[in-house]
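Structure first, then comments.
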There are 2 protein chains.
Amino acid sequence: MKTTIGFEEALRARNLKVTPQRMLLLGEVSRLGHVGIDELYEKVKTVSPSVSLATIYKNVNLLVEEGVMKEVPIEGRKSVYEIDRGDHIHFVCRTCGFVEDFNTDSDELCAMFTERYGRQIDGFGITLSGHCSKCRQ
Amino acid sequence: MKTTIGFEEALRARNLKVTPQRMLLLGEVSRLGHVGIDELYEKVKTVSPSVSLATIYKNVNLLVEEGVMKEVPIEGRKSVYEIDRGDHIHFVCRTCGFVEDFNTDSDELCAMFTERYGRQIDGFGITLSGHCSKCRQ
DNA sequence: CTGGTTGCAAAATTTTTGCACTGGT
DNA sequence: ACCAGTGCAAAAATTTTGCAACCAG
């Protein structure tokens with residue numbers, strides 16, 4: 001589990017200032033796992049009501065560009081965001097939209113796809129779908 | 001290659017009327033392969049300038065719901081749309097965003113993922129990334 | 001101090017909607 | 001002739017931007 005200290009380091013390493021808004025935002029994304037802009041804004045506001053939506057947008061865009069967070073685009077829904085911890089793919093529940101991480105080995109998968117399609121593959125986004133335990137029954 | 005007749009049948013099979021706007025829209029999506037809303041609107045307008053953006057939106061949403069077209073969400077870009085021909089995954093050029101189809105066997109891949117992760121997988125979205133021939137050099 | 005960051009409000013962009021009219025069946 | 005589909009304009013929703021004040025380093 002990534003700690004709050006880890007985020008401070010990540011910010012400093014990129015010459016970004018460690019502000020309360022950023023730490024709160026990163027903490028919520030980390031805690032929730034995957035979260036859309038609206039939900040993130042709501043959660044952040046419950047802790048610190050003065051934080052503005054503009055700050056959420058500015059920071060999400062910035063942190064995605066800087067590689068601290070990652071956008072997870074989903075068919076038929078709005079994108080959600082996560083802390084970039086690398087090497088995993090996503091499982092989305094067809095019914096409720098809940099997103100889970102599945103561990104994977106990126107290099108292995110890239111190699112597999114590169115061989116299978118005869119083209120150099122250096123990245124991928126994989127979103128599997130099915131039903132989560134709650135919606136399965 | 002899918003013909004214009006194929007689209008008429010697809011529409012009639014769903015009790016949707018065969019209008020010039022729809023045929024033009026489907027024709028452009030088919031011809032271009034993968035296209036965003038804006039580009040689609042521009043292309044359609046060059047052929048038939050009276051078509052409205054609202055009609056583009058209404059039809060794209062409708063045709064995606066009806067399974068005639070498919071949304072292809074892409075990290076860091078806006079979604080593009082394609083004719084739903086099933087059984088393929090996407091390759092997106094990191095540099096120019098060009099989207100290519102790679103043929104695949106959906107059932108085989110679902111089975112592979114189901115086994116690998118121990119969860120029933122009944123669909124997936126896979127977007128590989130690398131560089132297209134033009135941007136590679 | 002000082003430049004990056006924030007909050008607010010306004011602006012820009014994107015998407016949806018209401019409604020009268022048109023046109024496919 | 002009926003009603004889905006269209007175009008237009010307005011509205012709603014989403015995202016970006018400008019700027020003065022603020023605060024982390």
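Between A/Arg116 and B/Glu108 there is a salt bridge, since at least one side-chain N of the basic residue sits less than 4.0 Å from a carboxylate O of the acidic one. A salt bridge is defined here as a Lys NZ or Arg NE, NH1 or NH2 lying under 4.0 Å from an Asp or Glu carboxylate O, and B/Arg12 with B/Glu9 fails to meet this definition. Taking the charged nitrogens against the carboxylate oxygens, B/Glu28 and B/Arg22 have no contact shorter than 4.0 Å, which rules out a salt bridge. With respect to B/Arg94 and A/Asp122, a salt bridge is recorded, a charged nitrogen being found less than 4.0 Å from a carboxylate O.
Rounded to an integer number of Å, the gap from OH of B/Tyr41 to C1' of D/dC8 is 11 Å.
With side-chain heavy atoms closer than 4.5 Å counting as contact, directly or through intermediates, the hydrophobic cluster containing A/Ile126 also holds A/Ile89, A/Phe91, A/Phe102, A/Leu109, A/Met112, A/Phe113, A/Tyr117, A/Ile121, A/Phe124, A/Leu128, B/Ile89, B/Phe91, B/Phe102, B/Leu109, B/Met112, B/Phe113, B/Tyr117, B/Ile121, B/Phe124, B/Ile126, B/Leu128.
At the heavy-atom level, A/Asn15 lies nowhere under 4.0 Å from the strands shown. B/Pro49 comes within contact range of no nucleotide atom at all, as no heavy-atom separation falls under 4.0 Å.
Listed pair B/Thr55 / D/dG5 fails the phosphate criterion, with no side-chain N or O lying under 4.0 Å from OP1 or OP2. Regarding contacts with the backbone of D/dA24, every side-chain N or O of A/Arg22 stays at 4.0 angstrom or more from both OP1 and OP2.
Summary of the strand contacts: B/Val18 and B/Lys58 both lie near DNA chain C, and taking for each the nucleotide with the nearest heavy atom, the more 5' one is attributed to B/Lys58. Residues B/Leu16 and B/Leu53 each lie close to DNA chain C; by heavy-atom proximity, the contact nearer the 5' end of the strand is made by B/Leu53.
For DNA chain C, the span of nucleotides reached by chain B at under 4.0 Å from its heavy atoms goes, 5' to 3', from C/dT14 to C/dT25.
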